[in-house]
Amino acid sequence: MPELPEVEITRRGIAPHVEGKTVTRVVVRDRRLRWPVPRGLDERLSGLTLLRVIRRGKYLLLDFGTGWLILHLGMSGSLRVTDPGSDPKPHEHFDLVFGTIALRLRDPRRFGAVLWTSGDVAAHPLIARLGIEPLSPEFSGTWLHANTRRRRAEIKPLLMNAAIVAGVGNVYANESLFRAGISPRTPAARLSRARCDKLAHAVAETLNAAIDAGGSSLRDFVHSNGASGWFQQQHFVYDRAGKPCRVCGTTIGLMRLGQRSTFWCRACQR
DNA sequence: CACCACTCCTGCCCGC
DNA sequence: TGCGGGCAGGAGTGGT
């Protein structure tokens, strides 16, 4: 499940291969993603040079000067750099071809997105509503404390709300709360200033550790499945229901919070 | 406005 | 062994 770290690893994996390159062709094999892939991308993009690839939350934003291609990997999407002549495998719905190489999107569950916007990408409705970047210097205990005072929601669903914090999904919300020693059920407004500090640090640490873990596999984005660096990290709590806590041995619990599986150690997290 | 449930989709796992 | 059912999840949408 691509969350912020996986998307950032993807960005780092593909950027050196495609930045500065000019689009020669766009191939759409299946338009049926979360929203239909727009028609006319081939005509619109051919001849344009990709200036840079940036990330906002879980979105990849490809700057073409006159406009931006917005990519989202949904929960099963991956991007790789490949030979445009190679036979597409199942679920490889979209190619962005730069002469002798291509960016190829695979997305079995089709929760992902490929969209185009002209002008300022930050003004696009999907991007404009995103909350703070958790790896930005602005994201701190001070920010978290100030922005949760009137929140009745429990901290875990709040952390996963992209309109508040962009890019933290279920895996890293669970892991961050474990690292911070905070119960996922704590009402956000009840978190002390000190605990907000702890949590902001834990979120950044957790995300950075995951990025570092995936960084060793960057070359896999070329002629590979583009996803091999993802699940190598050891989780403290995620998907470990019924197993002993790696820190204290207490059995890891499982509950539903905001329709999502929530894993936690009742001894380590209060 | 804040929050919540619902929804999209398919691979995978479990039980029979 | 094969099949059906349930589950997983990002995040937009619409209801309360």
Side-chain angles (χ1 to χ4, degrees), chain A residues 1-11 29-38 55-61 70-79 88-94 105-115 117 123-134 144 146-177 184-191 203 206-207 210 225-228 230-231 235 237-243 252 254-264:
Chain A
M1 301 122 236
E3 295 186 26
L4 187 154
E6 290 78 12
V7 176
E8 177 61 21
I9 290 159
T10 299
R11 189 193 70 76
R29 293 182 203 85
D30 193 339
R31 293 189 187 283
R32 300 171 303 161
L33 298 186
R34 190 167 210 276
W35 299 278
V37 177
R55 181 192 55 74
R56 177 78 173 93
K58 297 175 194 170
Y59 289 88
L60 285 170
L61 308 175
I70 300 174
L71 301 182
H72 196 290
L73 300 178
M75 64 161 293
S76 61
S78 60
L79 272 178
K89 300 187 190 82
H91 310 301
E92 294 189 332
H93 309 309
F94 175 86
L105 174 72
R106 171 183 138 91
D107 186 6
R109 295 186 197 179
R110 296 194 276 113
F111 278 23
V114 177
L115 297 169
T117 184
H124 188 280
L126 294 177
I127 307 304
R129 70 173 123 234
L130 292 175
I132 194 168
E133 275 293 320
L144 202 53
N147 286 273
T148 50
R149 290 310 84 195
R150 284 191 207 80
R151 297 283 182 172
R152 267 175 296 176
E154 295 157 316
I155 184 61
K156 192 211 172 209
L158 184 140
L159 217 43
M160 291 178 64
N161 184 343
I164 300 170
V165 182
V168 179
N170 199 30
V171 175
Y172 297 106
N174 278 302
E175 292 299 302
S176 298
L177 285 163
R185 286 193 290 207
T186 311
R190 295 243 179 86
L191 288 173
V203 168
T206 304
L207 296 175
N225 64 15
S228 42
W230 288 7
F231 303 105
H235 300 312
V237 287
Y238 182 77
D239 206 20
R240 297 198 65 246
K243 295 180 178 155
I252 298 299
L254 170 60
M255 60 181 166
R256 300 292 284 186
L257 233 46
Q259 317 295 106
R260 290 292 173 254
S261 297
T262 300
F263 303 88
W264 67 307

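All values below were derived from every heavy atom in this structure, side-chain atoms included, with hydrogens, water molecules and symmetry-related copies excluded. Proteins come first, then strands; the chains are lettered A, B, ... in the order of their sequence lines, and each starts at number 1. Being a predicted model, the structure only gives us computed values, none of them experimental.
Other residues, nucleotides and ligands contribute only 12 or fewer heavy atoms inside 6.0 Å of the CZ atom of A/Arg185.
Mapping heavy-atom proximity under 4.0 Å, the span of DNA chain B touched by chain A runs 5' to 3' from B/dA2 to B/dG11.
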Nucleotide by nucleotide, 5' to 3', does protein get under 4.0 Å of the base (B), only the sugar-phosphate (S), or neither (-) in nucleotides 7-16 of chain C, counting heavy atoms? -BBBBSS---
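A salt bridge is absent between A/Lys58 and A/Glu3; no separation between the charged side-chain nitrogens and carboxylate oxygens falls under 4.0 Å.
A donor-acceptor pair under 3.5 Å links the side-chain atoms of A/Arg29 to the main chain of A/Glu92, judged by distance alone. For the pair A/Arg31 (side chain) and A/Pro38 (backbone), a donor-acceptor distance under 3.5 Å is present. Within the 3.5 Å criterion, the main-chain N or O of A/Ala189 finds no donor-acceptor partner in the side chain of A/Arg151. No donor-acceptor pair closer than 3.5 Å links the side chain of A/Arg34 to the backbone N or O of A/Ala113. Put simply, the side chain of A/Ser76 never gets that close to the backbone of A/Gly74: no donor and acceptor are under 3.5 Å apart.
Between A/Ser261 and A/Arg256, the side chains place a donor N or O and an acceptor N or O closer than 3.5 Å (distance only, hydrogens not considered).
Between A/Leu73 and A/Leu105 there is a side-chain heavy-atom pair separated by less than 4.5 Å. A 4.5 Å side-chain heavy-atom check between A/Arg106 and A/Lys89 finds every atom pair outside the cut-off.
Heavy-atom nearest nucleotides on DNA chain B were determined for A/His91 and for A/Gly258, and the one closer to the 5' end corresponds to A/Gly258.
Axis deviation across the helix from B/dA2-C/dT16 to B/dC16-C/dG2 amounts to 40°, comparing end segments of five pairs, rounded to 10 degrees.
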